[in-house]
Number of protein chains: 2
Amino acid sequence: MKEDSNTAPASGIRGSNQSGMRAYNERLVLSLIRQNGALPKAEIARISGLSAQTVSVIMRALEADGFLEKGEPIRGKVGQPSVPMNLAKGGAFFFGLKVGRRSLEMILINFLGTVIGRVHLTHPYPTPDGVVRFTNDSIGQLLDQLTPEERKRVAGLGIAIPFRLWDWSVALGLEQTDMEAWRERDIRAEIAQNWNFPIYLQNDASAACGAELVFGKGETPRDFLYFYIGFFVGGGVVLNRSLFTGRSGNAGALGSIPIGVTGKKARLLVDVASLATLETAIIATGGDANILWEPPKSWSVPADILRDWVDDASSGLAFAIAAAASVMDCEYAMIDGWLPEEVRAELVRQTEQKLTDLEIAGIEKPPVLEGTIGTSARALGAASLPLSDRFLVDQNALLKA
Amino acid sequence: MKEDSNTAPASGIRGSNQSGMRAYNERLVLSLIRQNGALPKAEIARISGLSAQTVSVIMRALEADGFLEKGEPIRGKVGQPSVPMNLAKGGAFFFGLKVGRRSLEMILINFLGTVIGRVHLTHPYPTPDGVVRFTNDSIGQLLDQLTPEERKRVAGLGIAIPFRLWDWSVALGLEQTDMEAWRERDIRAEIAQNWNFPIYLQNDASAACGAELVFGKGETPRDFLYFYIGFFVGGGVVLNRSLFTGRSGNAGALGSIPIGVTGKKARLLVDVASLATLETAIIATGGDANILWEPPKSWSVPADILRDWVDDASSGLAFAIAAAASVMDCEYAMIDGWLPEEVRAELVRQTEQKLTDLEIAGIEKPPVLEGTIGTSARALGAASLPLSDRFLVDQNALLKA
DNA sequence: AATAAATAAATCACTCTTATTTATTATTGA
DNA sequence: TCAATAATAAATAAGAGTGATTTATTTATT
């Protein structure tokens, strides 16, 4: 699969002009409200440093375009009551597709990030044909739930999918050929033929990171490191409050962080901290590994196997976090995944402990936190891709179209 | 020492306005010429996407201000001959100070990056008082070489200094107290009292990385990883063609990358790939380690000691590069340092070999290259700090002042 | 004649400054 | 206690200023 196909047009460094400036300031307003909740115009002016008049003009335009709406005036303070402006839930709609080990999931979210539609399909393993068909069908179904007016406001589809699917074959116990198909197919392009909104494709773990960045609860830090534990473990790197995907779109390939060497073979994080490893352990003792792919609430993994896995995984994560923190000096590390909440909590606790115990001079060890999104992070993150690209601050927004 | 004092004002996300736009486009023009050499206005317009008229206005202004100058018209093509515009060497001047293990070095460069003045001082170890006095004295001397007109165009001083100097004491065999002074002193502020140009302070290895970015020969890649081998080993991370220093200014603390664990103690890159290690090895065999601090051309380190050191150092570097590449997906890794050229070449060769041999799935291993600046990278990088801040593209340039 | 570089004049889009309006709370004086 | 007045803050209108763009023109060359 042409994984590069998601990458923005490489382009050299471009100049800036007035429309770029306006686009940037509009995104800034929307981003500030998304981060802080409803805010009056005067407050936006103070935060952004823009003049009150400029903010007034921009926000009235955004309101007229249906992206913002007035809240109840707040009285009780000296002066004219302030009118908080909030995101209008019908401002735009986004599709998010998660391609997973055992299932496909399509969600439809509104401008506030609320899931307003969901289609789910279980499969033995993902195939390009199956994914393309499911995508087109489910988008059709979900569009039916929207009014004709709302349909015009669909701003895109994001796809969260593990990269290098063809490397799965062995782990999945499938014939090499079943996965080889992914190498050549460009499902993004195929799906794009059917729809006239933009389509984005990203590594599933990076997408999950995007969900945390856009929809995460609490204050989002400038720079953080994110791990998502799925069939494999992957992650994302957030710099300056935006997801850094690098030149090839594969930055934050955190599963490939080496955590030790035996001879010439590096042991990688993915070898110890992914559900594939846990599955193997369960199967080795004659257990039924399918429980892993049910919604995590209902997991019933033998306690001793789980304990060993958490022990190994947290050691690997601690080492990986230390390595990554040296490179990018992050404020904190976050762990989420397709895990029951109590397993995630224990994994975070042990990782934090092992990181604290590790003696490393010269860097500050970031605190380790639990993700705030949980199991649905990948689908939500997928849907956040078109949202980020169109409505959130982005350095490139300043440049010429 | 308040190492944070260099960090840019934290500030939230700011809006953009016309002066920001113009400032950005001016920097863009200067950056394009610095990267590509002399370019005619029409070519700048094509690369930047700005209209020919806009570029014409901007470049005439820059010429009038003395930052650009006309080259010889190029004939031989259809149409009016193109006039390549180049950086004017007298456009601005910058001071760069390197604080090192055994010496201080102050350089003065012109707008082209050519070193036009240099003052050097050997010391047993760096003290805040010594550094402040040397700085003020040497700036005074070097200013005498400039005309009164040129003196007005001094745009700043950059200081490249190892962070956490107080951790040196043990390695240097000095009393703890000698280095404790650094913890409290803010030499940047002290020096700033004497001069009315801006002063920047940065980790010495990150500064060296900046030299590569600004003055490096050949095409500079978007994203790369940089190691500078000095008394300690450190580095820098370049993202989107700019030096990423992170929230605390300590990103690219590449010396702290863990390369293995024994019990709870992590072995770090700095333990195997710094000259401090080599010095220890030399002293252990009764040799004279002072040769290391002479200009590297005249090194005469026993061959067997050097061979062992290069072997260990390259193994550590290979592992560190693999780890960092997983996090940030860099185009390549670069190694430079206070080293004789043949040692650097061998170190790079072995690192590349060991990285190739290392089996790691899921990432592309970056090629390893030699730095193009060499021993003077730190002082040049220091001088590049005010240059970057005032004259090169920088996302923040677009925002309101 | 064709082509390309460079520029001039007019236009357009945007933010900023200054001044005004509006709605509210705080203070004052009978 | 109550009404009149002052102070304050939000919001906006009008006009100024700045900078990129468009269109047209000039210039120098093959």
Side-chain angles (χ1 to χ4, degrees), chain A residues 13-29 33 38-65 68-86 397-401, chain B residues 13-29 33 38-65 68-86 397-401:
Chain A
I13 319 173
R14 312 228 72 205
S16 177
N17 62 5
Q18 273 104 332
S19 37
M21 184 170 74
R22 173 60 173 264
Y24 174 84
N25 286 339
E26 282 184 359
R27 284 161 181 259
L28 176 59
V29 168
I33 295 179
L39 291 174
K41 298 185 176 102
E43 180 65 14
I44 298 267
R46 277 188 292 266
I47 300 174
S48 66
L50 293 169
S51 70
Q53 176 60 4
T54 298
V55 172
S56 184
V57 169
I58 289 174
M59 292 184 78
R60 268 178 291 163
L62 287 172
E63 188 186 3
D65 289 348
L68 292 179
E69 60 191 20
K70 287 197 168 72
E72 272 306 301
I74 292 175
R75 292 158 216 277
K77 288 180 293 188
V78 171
Q80 179 169 146
S82 63
V83 181
M85 303 290 292
N86 210 342
L398 281 148
L399 310 182
K400 297 185 55 161
Chain B
I13 319 174
R14 309 228 72 206
S16 178
N17 62 4
Q18 265 113 327
S19 38
M21 183 170 76
R22 173 59 173 262
Y24 174 83
N25 286 337
E26 283 183 358
R27 284 160 182 260
L28 176 59
V29 168
I33 295 178
L39 291 173
K41 298 185 176 102
E43 181 63 15
I44 298 267
R46 277 189 293 268
I47 299 175
S48 66
L50 293 168
S51 69
Q53 175 61 2
T54 297
V55 172
S56 183
V57 169
I58 289 174
M59 292 183 77
R60 266 179 292 162
L62 287 172
E63 189 187 2
D65 289 347
L68 292 179
E69 60 191 18
K70 287 198 169 71
E72 271 307 299
I74 291 176
R75 292 159 216 276
K77 288 180 294 187
V78 172
Q80 179 167 152
S82 64
V83 181
M85 304 289 293
N86 210 344
L398 280 149
L399 309 182
K400 298 187 56 161

Enquirer: With respect to the phosphate group of D/dT18, does any side-chain polar atom (N or O) of B/Asn17 fall under 4.0 Å of OP1 or OP2?
Expert: no
Enquirer: Could you tell me whether the side chain of B/Asn86 and the main chain of B/Gly71 form a donor-acceptor pair under 3.5 Å?
Expert: no
Enquirer: May I have the distance from A/Met21 (atom CE) to D/dA20 (atom C1'), rounded to whole angstrom?
Expert: 10 Å
Enquirer: Check whether any side-chain nitrogen or oxygen of B/Arg22 sits under 4.0 Å from OP1 or OP2 of D/dA20, and answer yes or no.
Expert: yes
Enquirer: Measure from the side-chain heavy atoms of A/Arg60 and tell me the nearest of C/dT7, D/dA20, D/dT12.
Expert: D/dT12
Enquirer: Can you figure out which of D/dA10, C/dC16, D/dT30 approaches the side chain of B/Val78 most closely?
Expert: D/dT30
Enquirer: Both distances under 3.5 Å, Watson-Crick or G-U wobble: report the partner of C/dT17, or none.
Expert: D/dA14
Enquirer: Quick check: does any side chain N or O of A/Ser56 sit under 3.5 Å from a backbone N or O of A/Ala52, one acting as donor and the other as acceptor?
Expert: no
Enquirer: Using modelled atom types only, decide if a donor and an acceptor are shared between the side chain of B/Thr54 and the backbone of B/Leu50 within a distance under 3.5 Å.
Expert: no
Enquirer: Taking only side-chain N and O atoms of B/Ser51, does any of them lie within less than 4.0 angstrom of OP1 or OP2 on D/dT21?
Expert: yes
Enquirer: Which nucleotide in the set C/dA6, C/dA9, D/dA11 lies at the smallest distance from any side-chain heavy atom of B/Gln53?
Expert: C/dA9
Enquirer: Does B/Ser82 reach a base, just sugar-phosphate, or nothing at all? Heavy atoms under 4.0 Å.
Expert: sugar-phosphate
Enquirer: Return the pairing partner of D/dT30 with a 3.5 Å limit on both distances, Watson-Crick or G-U wobble; otherwise return none.
Expert: C/dA1
Enquirer: Across the strands shown, which category fits A/Gly76 at heavy-atom distances under 4.0 angstrom: base, sugar-phosphate, nothing?
Expert: sugar-phosphate
Enquirer: Closest approach to the side chain of A/Pro81, judged atom by atom: which nucleotide of C/dA23, D/dA11, D/dT22 is it?
Expert: C/dA23
Enquirer: Would you say B/Ser56 reaches C/dA6's phosphate, i.e. side-chain N/O to OP1/OP2 under 4.0 Å?
Expert: no
Enquirer: At their closest point, which heavy atom of A/Lys41 faces which heavy atom of A/Val55, and how far apart are they?
Expert: O-CG1, 3.5 Å
Enquirer: Taking NZ, NE, NH1 and NH2 as the nitrogens, is one of them in A/Arg46 or A/Glu43 under 4.0 Å from a carboxylate oxygen of the other?
Expert: yes
Enquirer: C/dT15, D/dA11, D/dT21: which one has an atom nearest the side-chain heavy atoms of A/Pro40?
Expert: D/dA11
Enquirer: Have a look at B/Ile74 and say if it touches a base, only the backbone sugar-phosphate, or nothing, with a 4.0 Å heavy-atom cut-off.
Expert: nothing
Enquirer: With nearest nucleotide decided by heavy atoms, which residue, A/Lys77 or A/Ile58, maps closer to the 5′ end of DNA chain C?
Expert: A/Ile58
Enquirer: Between A/Asn25 and A/Gln80, which residue's closest nucleotide on DNA chain C lies nearer the 5′ terminus?
Expert: A/Asn25
Enquirer: NA contact type, A/Val57, heavy-atom cut-off 4.0 Å: base, sugar-phosphate, or nothing?
Expert: nothing
